[in-house]
2 protein chains.
Amino acid sequence: MRVSITDVARHAGVTPAVVSRVLNGDPKLQVRAETRDRVLAAARDLDYTPSHAARALRHNRAGALGLAVHDVANPLYGEIILGAQRAAAEAGHVLLLADIDGLARGDETFHRAVHGGAIDGLLLQRAGTPSDRKVITTASTRIPTVLLNDRSESLASVALDDAGGTRLATQHLVDLGHTRVAHLKVGGTQRSGQRVRGWRETLTRAGLSADPGWLVAGGHTVDSGLAGMRELLAVRPAPTGVVVGNVLAAIGALTAAREAGLRVPEDLSVIAFHDVTYAGHLVPSLTAVAMPMRELGAAAVALLLERLGGADPRHVVVRDPEPMLVARGSTAPPPA
Amino acid sequence: MRVSITDVARHAGVTPAVVSRVLNGDPKLQVRAETRDRVLAAARDLDYTPSHAARALRHNRAGALGLAVHDVANPLYGEIILGAQRAAAEAGHVLLLADIDGLARGDETFHRAVHGGAIDGLLLQRAGTPSDRKVITTASTRIPTVLLNDRSESLASVALDDAGGTRLATQHLVDLGHTRVAHLKVGGTQRSGQRVRGWRETLTRAGLSADPGWLVAGGHTVDSGLAGMRELLAVRPAPTGVVVGNVLAAIGALTAAREAGLRVPEDLSVIAFHDVTYAGHLVPSLTAVAMPMRELGAAAVALLLERLGGADPRHVVVRDPEPMLVARGSTAPPPA
DNA sequence: GGATGTAGGTAAACCGTTTTAATAACCGCG
DNA sequence: CGCGGTTATTAAAACGGTTTACCTACATCC
């Protein structure tokens, strides 16, 4: 049996009201120190924990946040999830995980969770698929929603300093002496645009050309990077360095280069946006720009809680810590 | 405002009781078809969804399951999480994510979630750290708990066919003609023992020696694989093939071999337990035994639900689909 | 025509907390 | 001694469902 507040009350010789008010520190409560102590002792003795459901019912808030992503198994999302989970726990909220593609397949559980008030707010990592739209409309009309890695006019959102990170990556290649630098971008989202901007600006500022032919669409999977790189390798004049918008895509890009008989970094330099633990163990080891994914997740939770507090939706860019260049073996000066 | 069951009742001209019983399909309810239709129509028109909290309070079960892992960002765990999440959703339960190391650091949120009845049961992927013990004692006395990738006498548990997978990997090397096959095991857990058994049995059955010197402890990180492999490379007589207990450790092992000037697979064959999407893009591409991680997650949820239904704890081994050999470029016949 | 049955509901308690308004006990004061 | 003012505590409603027991028509049967 659960031990309820009534049990504690009986044990302490008071009514449930007193127990509740003591335990929650009601400032309007006047109570003798001795009574307070009896209540606290009883609660401790019985190992009392308030019922989550009863609280949720009474307060009309669940103390839970939802997190919906496309690919739980993607290590980058994993970092976001970790950051979000910790921040939520710190704030006394639990984090509930959902799978966007599952949801959109008419997953009734999610609908019930949102409309039934099982979660107070939603973090959403969309990827531009049709599923996203469905999920957003289901959720955002009922509960505050925060977009991760994205920007929106109507909803709150958090993003990384995509432009800054790409600038850093591009500048690294420029500093090495590259004059023909391509960009394998990640997709058609807003953040992709920021990255393109970072790439273009850096080249322009260095007096170099940002040839549109060097801007090719990849994706955030190994295969999309492979395909994008194959495409890019056919472009003339051929670039000597490429900024890849995602670390998994970069792995595919390395494969494509190898297929084409190009040596990395001697013939072609590759630098990835995002870093992963094993990047240093690839062959060649992969130079990357590490982005604060964990902090992104934490910031998203903070923003969501802020919204739950009644604040207006806003857009936040996570710049702390800054994007960091991790120079490894896949970048070098261009061939002479 | 939320639309409550009372609103629906008023709209349909009946009492809340009828609405509840119609919507939940109470077999003991006698109702005219016309009335039933009115109720259903009202519920649809008002877009009614029952309150999660109220149900949870009344039924004394939350409709939520907890999943606690050590490393959310680990791609292997990601697969488990995905499988569990989908299975839970299918069964009408939501999945709640927790971070074991966070929990053990005196995370009050988790304690409140378990003791407050926010989750009905817990899936736990332990790793043999002291944190695990704390979490287990917190949870398992209050709610049914299922151990993932492990075995226990007192608790329910699910595991993979670790012995079978290792047999498959070892046999692959034996078939290629290797006679000196080492095993870089993953740790001190029960499942590690199963793998050692698979390795030993296969070699013995082939009339080969399972030299204790060829059994070295690694781990499930890149670094632990690196360290373990360095150790193994000092052993004489040197093995010509090695079965690595984890794919991340295998990546570290490849690095160690490269450091030592060994060519893979010409001088040394490496095969990993577990497969990941990018394994084919490593250099050399990594031969691996793919294990049904997603199904493991799903089976764990099924077992937990079974326990919630009152069944006794039992141990389940997920054998469907079977471990599958994915032959790639890191294995070849031994040097002549 | 009174007992019996059955279809079609309804009333009310209950789950565990929180919170507001009310009340009892006590005190000093005139 | 009766009154106002604290101080300490309580009673009760409310949150939104579910469920059991009960009630009311109406029809049936002998």
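Values below: all heavy atoms of this structure, side chains included; hydrogens, waters and symmetry mates excluded. Sequence lines set the chain letters: A, B, ... in the order given, protein chains first and strands last, and positions in each chain run from 1.
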So, OP1 or OP2 of D/dT18: does either fall under 4.0 Å of a side-chain N or O from B/Ser20? yes

Rounded distance (Å) that lies between atom C1' of D/dG16 and atom CG of B/Leu46: 15 Å

Heavy-atom check, side chain of B/Leu124 versus side chain of B/Asp150, under 4.5 Å: no

Remember a base hit wins even if backbone is also touched, and classify A/Asp26 as base, sugar-phosphate or nothing at under 4.0 Å, heavy atoms. nothing

Could you check how far CD of B/Gln30 sits from P of C/dG8, rounded to whole Å? 7 Å

Indicate whether OP1 or OP2 belonging to C/dG16 is found under 4.0 Å from a side-chain N or O atom of A/Thr6. no

With side chains defined as the heavy atoms from C-beta onward, is the minimum distance between A/Ile5 and A/Pro50 less than 4.5 Å? no

Could you check how far CZ of A/Arg21 sits from C1' of C/dT17, rounded to whole Å? 14 Å

Gap between atoms NZ and C1', on A/Lys28 and D/dT7 respectively (whole Å): 16 Å

Which residue lies toward the 5' end of DNA chain D, B/Ala17 or B/Ala54, if each is placed at its nearest nucleotide? B/Ala54

Which whole-number value in Å describes the distance from A/His115 NE2 to D/dG17 P? 14 Å

Would you classify B/Val18 as touching base, sugar-phosphate or nothing, given that sugar-phosphate means primed atoms plus P, OP1 and OP2, and contacts are heavy atoms under 4.0 Å? base

Quick one about B/His220 and B/Asp71 (side-chain donor to acceptor, distance below 3.5 Å, no hydrogens or angles considered), yes or no? no

Between C/dG16 atom P and A/Leu57 atom CG, what is the distance in whole Å? 12 Å

Check whether any side-chain nitrogen or oxygen of A/Arg61 sits under 4.0 Å from OP1 or OP2 of C/dT17, and answer yes or no. no

On DNA chain C, check which nucleotide each of B/Ala33 and A/Val19 is closest to and give me the residue with the more 5' one. B/Ala33

Phosphate OP1/OP2 of C/dC15 contacted by A/Ser4 side-chain N/O (<4.0 Å): no

Checking side-chain polar atoms at under 3.5 Å, does A/Asp132 have a donor or acceptor matched by the opposite partner on A/His70? yes

Phosphate-side-chain proximity, B/Tyr48 and D/dG16, N/O vs OP1/OP2 below 4.0 Å: no

Return the nearest nucleotide to the side chain of A/Leu29; candidates are D/dT9, C/dG16, C/dG9. D/dT9

Between P of C/dT17 and CG of A/Leu23, the distance in whole Å: 10 Å

What does B/Asn60 touch in the nucleic acid at a heavy-atom separation under 4.0 angstrom: a base, only the sugar-phosphate, or nothing? nothing

Under 4.0 angstrom, heavy atoms only, what part of the nucleic acid is B/Ser51 near: base, sugar-phosphate, or nothing? sugar-phosphate

For the pair B/Glu90 and B/Arg86, find out whether any cationic side-chain nitrogen is under 4.0 Å from an anionic carboxylate oxygen. no

Quick one: on DNA chain C, does B/His59 or B/Arg32 contact a more 5' nucleotide (nearest heavy atom)? B/Arg32

Separation of D/dT10 atom C1' from A/Arg10 atom CZ, nearest Å, is 16 Å

Between B/Arg21 (side chain) and B/Val31 (backbone), is there a donor-acceptor pair under 3.5 Å? no

